[in-house]
Enquirer: 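Here's a structure for you.
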Number of protein chains: 2
Amino acid sequence: MKKLDILKKLRSSGLRPTKQRVEIAKFLFEREKTFHFTVESLDKLLSKKTTSKFALATIYNTVHAFKAAGHLSEVEVRGNKTYFDTNVSNHHHFYDSETSELIDIDANEVVIQKIPKAPNGKKIKNVEVFINLKN
Amino acid sequence: MKKLDILKKLRSSGLRPTKQRVEIAKFLFEREKTFHFTVESLDKLLSKKTTSKFALATIYNTVHAFKAAGHLSEVEVRGNKTYFDTNVSNHHHFYDSETSELIDIDANEVVIQKIPKAPNGKKIKNVEVFINLKN
DNA sequence: ATCCAGTTTATAATTATTCTAAAGTGAAAA
DNA sequence: TTTTCACTTTAGAATAATTATAAACTGGAT
């Protein structure tokens, strides 16, 4: 994803392209493969890869703004870790608790034959499948 | 579940049946339906329902001891809430983020036709399905 | 160039959980 | 039945993750 596209992406979702947002967006979205991270890991990676520095609160703000805009999805797994995922399409996850690693599974790799209907007055928003791994 | 069974349950899993453990176990397991709770909600309920008082750390200790012994399962859902579930059989969950409510789904209500194989060197421990609800 | 709502920043506050060290207690053994 | 001691409980401190605050800053409209 090119810089121009980054600016477009931000503006089109009502996010003013500040210096910080552009730099974080470039870091997150200028890559081939999807990327999983926690706020903590992103903070460390950013301070290594860039010369600018970011307040931790800015990283929280930015990540949540990107999530609200649909540019990131949030995945919560056992162990109180909250991951964000640059893959916002409908998909599932392997979770390896040994390594705390999260691995994407394409939606079409999982076929669910039967699910119960939603309780009265509720609708199904989405279905998330976690495949927990062991050694 | 009767008091004698509670004592048996504790002893058979190597947990000394202290006053606190017995009282918490009675509260959790002497009921017909499965019960979902957070440590915080359990703490509040216990101080309402019983005359004894429990240090918060004791509730954490006890709940984790029960979990390690297989008497409770842990379910983590969006929103940084950690629920415990008196249903330790293999099953799935509806999650209603409007009300923060977790609802059990029997394992046989969900049929998965296809899942990917585990990454190299790993095995599948279990598969958890979350059906997220909306209004 | 000016202005201002939106943003960033450093820090404080909050929340959930775990740690610590001292006091208490089941239950095994004397 | 008393003694003993490893296991528990307890209150409070410590830690970790996240959110709130309020002052300073800034993109971009005018």
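Heavy atoms only: backbone and side chains are in, while hydrogens, waters and symmetry mates are out. All of these numbers come straight from a predicted model, not from anything done at the bench.
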Enquirer: For B/Leu15 and for A/Ala57, find the nucleotide of DNA chain C with the closest heavy atom, then tell me which residue's nucleotide is more 5'.
Expert: A/Ala57
Enquirer: Is the distance between the ring centroids of A/Phe27 and A/Phe54 less than 6.0 Å?
Expert: no
Enquirer: For D/dT19, take OP1 and OP2 only and decide whether either is under 4.0 Å from a side-chain N or O of A/Tyr60.
Expert: no
Enquirer: Just the rounded figure in Å: distance from P of C/dA16 to NZ of B/Lys44.
Expert: 9 Å
Enquirer: Could you give the CD-to-P distance, from B/Glu40 to C/dT15, as a whole number of Å?
Expert: 9 Å
Enquirer: Measuring to OP1 and OP2 of D/dT8, would you say a side-chain N or O of B/Arg21 lies under 4.0 angstrom away?
Expert: yes
Enquirer: Between B/Arg16 and B/Val39, which is nearer to the 5' end of DNA chain C once each is assigned its nearest nucleotide?
Expert: B/Val39
Enquirer: So, OP1 or OP2 of D/dG27: does either fall under 4.0 Å of a side-chain N or O from A/Arg11?
Expert: no
Enquirer: Looking at the side chain of B/Lys53, which of C/dT8, D/dA11, C/dG26 is the nearest nucleotide?
Expert: D/dA11
Enquirer: Find the distance A/Leu10:CG to C/dT7:C1' and express it as a whole number of Å.
Expert: 13 Å
Enquirer: Taking B/His91 for its side chain and B/Ser89 for its backbone only, find out whether a donor-acceptor pair lies under 3.5 Å.
Expert: yes
Enquirer: For B/Asn61 and C/dT17, what is the distance between atoms CG and C1' respectively, to the nearest whole Å?
Expert: 11 Å
Enquirer: Between B/Phe29 and B/Lys9, is there a cation-pi geometry (under 6.0 Å to ring centre, at most 45° from the normal)?
Expert: yes
Enquirer: Considering just the side-chain nitrogens and oxygens of A/Thr18, establish if one lies under 4.0 Å of OP1 or OP2 belonging to C/dT7.
Expert: no
Enquirer: If we check side-chain contact (heavy atoms from CB on, under 4.5 Å) with B/Phe37, which of these qualifies: B/Leu45, B/Leu72, B/Asp43?
Expert: B/Leu72
Enquirer: Among the candidates C/dT8, D/dT10, C/dT9, find the nucleotide nearest to the side-chain atoms of A/Phe54.
Expert: C/dT9
Enquirer: Rounded off to whole Å, could you give me the CD1-to-P distance for the A/Ile59 and C/dT7 pair?
Expert: 17 Å
Enquirer: Strictly below 4.0 Å: does B/Lys19 bring a side-chain N or O up to OP1 or OP2 of C/dG26?
Expert: no
Enquirer: Between A/His64 and D/dT18, is there a contact of a side-chain N or O with OP1 or OP2 at under 4.0 Å?
Expert: no
Enquirer: Just the rounded figure in Å: distance from P of D/dT8 to CZ of B/Phe66.
Expert: 11 Å
Enquirer: With a 3.5 Å cut-off and no angle check, do the side chains of A/His36 and A/Asn87 form a donor-acceptor pair?
Expert: no
Enquirer: Taking 4.0 Å as the cut-off, does a side-chain nitrogen or oxygen of A/Gln20 come that near to OP1 or OP2 on D/dC25?
Expert: no
